[in-house]
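Chain A is the first sequence line, chain B the second, and so forth, proteins listed ahead of strands; every chain is numbered from 1.
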Protein chains: 2
Amino acid sequence: MERGKQKRLEARGWRVGSVGTFLKLSPEEVALVEMKVNLSQSLRARREARGLSQLALAKQLRSSQSRVAKMEAADRTVSIDLLIRGLVILGAKPRDIARALGRETGAAA
Amino acid sequence: MERGKQKRLEARGWRVGSVGTFLKLSPEEVALVEMKVNLSQSLRARREARGLSQLALAKQLRSSQSRVAKMEAADRTVSIDLLIRGLVILGAKPRDIARALGRETGAAA
DNA sequence: TGCAGGCATGTCATTCTTGACATATAGTAT
DNA sequence: ATACTATATGTCAAGAATGACATGCCTGCA
């Protein structure tokens, strides 16, 4: 596993010595979580690239600053739908979203 | 717009002479709908490639045959999350999902 | 020091999504 | 015709996601 991602996951309470191995996370669930983390990072990167605050983005999304924070934290209460909506509002095209989703994460055996 | 997709959209009530142009669909909404359609097609293709019935897939998903039908129809009551979960269960890797999402659709001016 | 802006996190009522069920249609075989 | 299988579509109670709000933590700055 790529080191930066490991720290980010750990920071949110995921045990990473062996991502899902450690606490009963099926491979499917792991894949979903990693996709969410990738999308959330892409969201933050795009927002910052535009010099927007979370509040400013929230307004465009008709949401709230707190939810944007959760989106960027890949909180378990945010759906992939919402993350994708956020990215689209930040100008991401399906192709960009695809790139974010599929980021090579390196397979930890 | 690619012809096959146009017919599929029309079949579910979308006016396509100008996708979102015709009835107040923002560009963002159009992008979202197209991504959903792409995912749903990929889902059906994968399911059929494995020779599974909708019912068989539904069981793996712990869902119902009717919901799988709606997923494949890109029904507005199915979330992107659910579509992605379905694809993952059918063995799609993030990379595969990314490819499905970003399928070139051809820009109708 | 106090104050403001940006971000994180918990809670909660409202809204949306989901699985389950009923029912319909079409194809195939007996 | 009857029966069976696969798929499509509507409805709805239960559960999940959402937006809004409160509040706390920093950092910078007057």
Exercise for the section: Would you mind reading off the distance between B/Glu72 atom CD and D/dT7 atom C1', rounded to a whole angstrom? Expected result: 9 Å
Exercise for the section: For B/Arg76 and C/dT15, give me the distance from atom CZ to atom P, rounded to whole Å. Expected result: 19 Å
Practice task
Indicate, with yes or no, if A/Ile97 and B/Val30 share a hydrophobic cluster defined by side-chain heavy-atom contacts under 4.5 Å among Ile, Leu, Val, Met, Phe, Trp and Tyr.
Solution key: no
Handout entry: Main-chain N/O of B/Ser26 paired with B/Glu29 side-chain donor or acceptor, under 3.5 Å
Key = yes
Fill in the blank from the handout: Per-nucleotide protein contact along nucleotides 18-30 of chain C, 5' to 3', at a 4.0 Å heavy-atom cut-off (B base, S sugar-phosphate only, - neither), is BBBB---------
Exercise for the section: Grab the CG-P distance between A/Leu55 and C/dA4 for me, whole Å please. Expected result: 16 Å
Fill in the blank from the handout: Closest non-hydrogen atoms of A/Met71 and A/Leu83, given as atom of the first, atom of the second and distance, are O-CD2, 3.5 Å
Problem - Phosphate OP1/OP2 of C/dA8 contacted by A/Arg44 side-chain N/O (<4.0 Å) - result: yes
Handout entry: Rounded distance in Å - CG (A/Leu57) to P (C/dC7)
Key = 10 Å
Practice task
May I have the distance from A/Lys59 (atom NZ) to C/dG6 (atom C1'), rounded to whole angstrom?
Solution key: 13 Å
Exercise for the section: Identify which one of A/Gln41, A/Arg47, A/Arg67 satisfies the side-chain hydrogen bond (donor to acceptor under 3.5 Å, both in side chains) criterion when paired with A/Glu72. Expected result: A/Arg47
Practice task
Look at B/Arg47 and D/dA6 and indicate whether a side-chain polar atom (N or O) is within less than 4.0 Å of OP1 or OP2.
Solution key: no
Fill in the blank from the handout: Here the distance between atom P of D/dG19 and atom CD of A/Gln54, to the nearest Å, is 14 Å
Practice task
Side-chain contact test, heavy atoms from C-beta onward, threshold under 4.5 Å: evaluate it for A/Gln65 versus A/Val68 and give yes or no.
Solution key: no
Exercise for the section: Take atom CG of B/Asp75 and atom C1' of D/dT11, then tell me their distance rounded to the nearest Å. Expected result: 13 Å
Exercise for the section: With rounding to the nearest 0.5 Å, note down the distance linking OG in B/Ser79 to NZ in B/Lys36. Expected result: 7.5 Å
Completion exercise
A/Lys36 NZ to D/dA16 P, in whole Å, measures 13 Å
